[in-house]
Amino acid sequence: MLVPRHGPPSRRTDRGAPAALLRMSRKGSEGAADRAGALAAAPYGPGSSQAIPTSCKDTNLRTAAVIPAAGRGVRLGPGAPKALRTLGGVPILVHAVRAMAAARAVQVIVVVAPPDGATEVRALLDAHGLPESTDIRVVPGGEQRQDSVRLGLAALPDDVDVVLVHDAARPLVPVETVEGVVAAVRGGAPAVVPGLPLADTVKSVDPASGAVTGTPQRALLRAVQTPQGFERDLLAKAHATVTQDVTDDASMVEQLGVQVLVVPGHEEAFKVTRPLDLVLAEAVLARRRAHGH
Ligand SMILES: Nc1ccn([C@@H]2O[C@H](COP(=O)(O)OP(=O)(O)OP(=O)(O)O)[C@@H](O)[C@H]2O)c(=O)n1
Ligand SMILES: C[C@](O)(CO)[C@H](O)COP(=O)(O)O
């Protein structure tokens, strides 16, 4: 099914799909070249007039997850790169890959390894017996998270139309959260993030003096998690055009003027960032195991 999202339909073929989109769904190098061309004629943003595919039933297109895992884990303290440290005796990255592979919609996973660690990560994943039905690829990452995600996107096969970006550092995200994000993208939202209301009051501050400059209304705020889900071409365009430093992928899409939708997140999808997060993650895992999960 093809539906207009950002304005009136553009020139259509006899099946109702804009010609550029049908070209983009072809497999192989010709399809890839057309995809690049179609991206240059960017359909996204205010006033745009393109239509985009929403259902893999009509297009046979697949959903992929890019898992940036190239960070050093400085805030976690000295040791191996964070994604390779263990939780319940299993590397954090393996938990994250399993969490993505558990979602029926996710057929392709691109793991973005530390820049000099792709071979080690490939061997680690092979040693942990991940589902053979999922196409799992490993590529080296970059200096910043944004660089790593961009390198992961470049390794996606042509027949992927929806992409999740999921931090390796969120190893315990429940499958329901992953599937909720995919369903929202497949249901018509071009960019989707899971989010939770805040428990703390948040202040803006002047970093130089520490003086409070404001108190945003808490009810209007959400702490956003991953996986963040996107139409592939939209995310590729965001990574090709936004150069400003950002802390998540959705904010790059926001800079293109495209609406991002928040769906319910989950408290177990927290990010392992500091040492106490590891303690919490071990406790959550122990609770799951006690319940037979
Ligand atoms: N150059 C980078 C930096 C981060 N990441 C990934 O992005 C996710 C979120 O980043 P964060 O939690 O900040 O991880 P680190 O960068 O490892 O943590 P720190 O900032 O404490 O070093 C992590 O899965 C991390 O591996 C990445 O792939 N490439
Ligand atoms: C992408 C993210 O997890 C959303 O909350 C977060 O912004 C990553 O931040 P980090 O400082 O790179 O961990």
Side-chain angles (χ1 to χ4, degrees), residues 65-87 90-100 109-118 120-121 124-125 137-156 163-173 177-178 181 191-200 202 221-230 235 238-239 242 244-255 260-278 280-281:
V66 170
I67 303 185
R72 284 181 283 273
V74 171
R75 287 169 290 180
L76 201 54
K82 179 161 65 183
L84 306 183
R85 299 200 208 180
T86 58
L87 183 58
V90 173
I92 286 177
L93 171 62
V94 172
H95 286 283
V97 171
R98 283 185 177 150
M100 291 296 114
I109 295 176
V110 177
V111 173
V112 188
D116 56 357
E120 185 190 345
V121 164
L124 186 79
L125 295 176
R137 303 164 182 221
V138 180
V139 296
E143 190 58 35
Q144 305 294 332
R145 184 182 184 280
Q146 263 169 287
D147 303 321
S148 295
V149 174
R150 198 178 58 251
L151 290 163
L153 292 175
L156 289 172
V163 181
L164 306 179
V165 181
H166 180 63
D167 294 331
R170 296 183 188 270
L172 299 180
V173 61
T177 307
V178 182
V181 171
V192 177
V193 298
L196 291 177
L198 303 186
D200 295 327
V202 172
L221 301 176
R222 294 291 178 272
V224 305
Q225 306 175 320
T226 70
Q228 300 189 345
F230 306 91
L235 185 61
H239 275 270
V242 175
Q244 202 178 313
D245 273 353
V246 293
T247 55
D248 74 346
D249 299 281
S251 54
M252 302 174 84
V253 164
E254 289 159 38
Q255 288 187 42
V260 175
L261 176 71
V262 179
V263 297
H266 197 285
E267 60 183 1
E268 293 185 4
F270 66 90
K271 185 154 65 69
V272 174
T273 306
R274 301 183 186 88
L276 192 60
D277 299 321
L278 259 187
L280 178 60

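Worth saying up front: this structure is predicted, and the values here are computed from it rather than measured. As the structure lists them, so they are numbered: ligands from 1, and atoms in each ligand from 1. For reference, positions follow the sequence shown, starting with 1.
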Drop me the distance from [X]'s [atom1] to [Y]'s [atom2], to the nearest 0.5 angstrom.
X: Glu267; Y: Leu172; atom1: CD; atom2: CG; result: 11.5 Å
X: His266; Y: Arg170; atom1: NE2; atom2: CZ; result: 13.5 Å
X: Ile67; Y: Ile109; atom1: CD1; atom2: CD1; result: 5.0 Å
X: Asp249; Y: Leu153; atom1: CG; atom2: CG; result: 7.5 Å
X: Gln225; Y: His166; atom1: CD; atom2: NE2; result: 9.5 Å

Between [options], which one has a non-hydrogen atom sitting closest to [atom]?
atom: atom 13 (O) of ligand 1; options: Arg145, Arg75, Glu143; answer: Arg75
atom: atom 27 (C) of ligand 1; options: Ala70, Pro114, Ala96, Gly73; answer: Ala70
atom: atom 23 (C) of ligand 1; options: Pro68, Pro171, Pro81; answer: Pro68

Nitrogen or oxygen atoms of [X] and ligand 1 under 3.5 Å apart:
X: Ala69; answer: yes
X: Thr273; answer: no
X: Val112; answer: no

Nearest heavy-atom neighbours spanning [X] and [Y]:
X: Gln146; Y: Val242; result: NE2-O, 4.1 Å
X: Asp167; Y: Thr226; result: N-OG1, 3.1 Å
X: Pro68; Y: Val165; result: CD-CG1, 4.0 Å

Please report which non-hydrogen protein atom sits nearest to [atom], along with the residue it belongs to and the distance in Å to one decimal place.
atom: atom 9 (C) of ligand 1; value: Asp167 OD1, 3.5 Å
atom: atom 22 (O) of ligand 1; value: Val74 N, 2.7 Å
atom: atom 26 (O) of ligand 1; value: Gly71 N, 2.9 Å
atom: atom 12 (O) of ligand 1; value: Lys82 NZ, 2.9 Å

By salt bridge (Lys or Arg N to Asp or Glu O under 4.0 Å) - contacts of Arg98 (at least two apart) = none
remark   = Residues with a heavy atom under 4.0 Å from ligand 2, by chain and number, are Arg75, Arg145, Asp167, Arg170, Val224, Thr226, Thr247, Asp248, Lys271
inquiry  = Do Met100 and Leu164 make a side-chain contact, defined as non-hydrogen atoms from C-beta onward lying under 4.5 Å apart?
reply    =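 Of all side-chain heavy-atom pairs linking Leu164 with Met100, at least one is under 4.5 Å.
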Test item: Pro140 and Leu151 side chains (from C-beta on) under 4.5 Å apart, heavy atoms =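 Contact flag for Pro140/Leu151 side chains = no.
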query = Of Val262, Thr177, Val173, which meets side chain to side chain contact (heavy atoms under 4.5 Å, CB included) against Pro194?
reply = Thr177
message = So for Gly141, does at least one of its heavy atoms come nearer than 4.0 angstrom to any atom of ligand 1?
response =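 The answer is no: ligand 1 sits nowhere under 4.0 Å from a heavy atom of Gly141.
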task = With heavy atoms of Ser148 as the reference, note each atom of ligand 1 found under 4.0 Å away.
result = 1 (N), 2 (C), 27 (C), 28 (O), 29 (N)
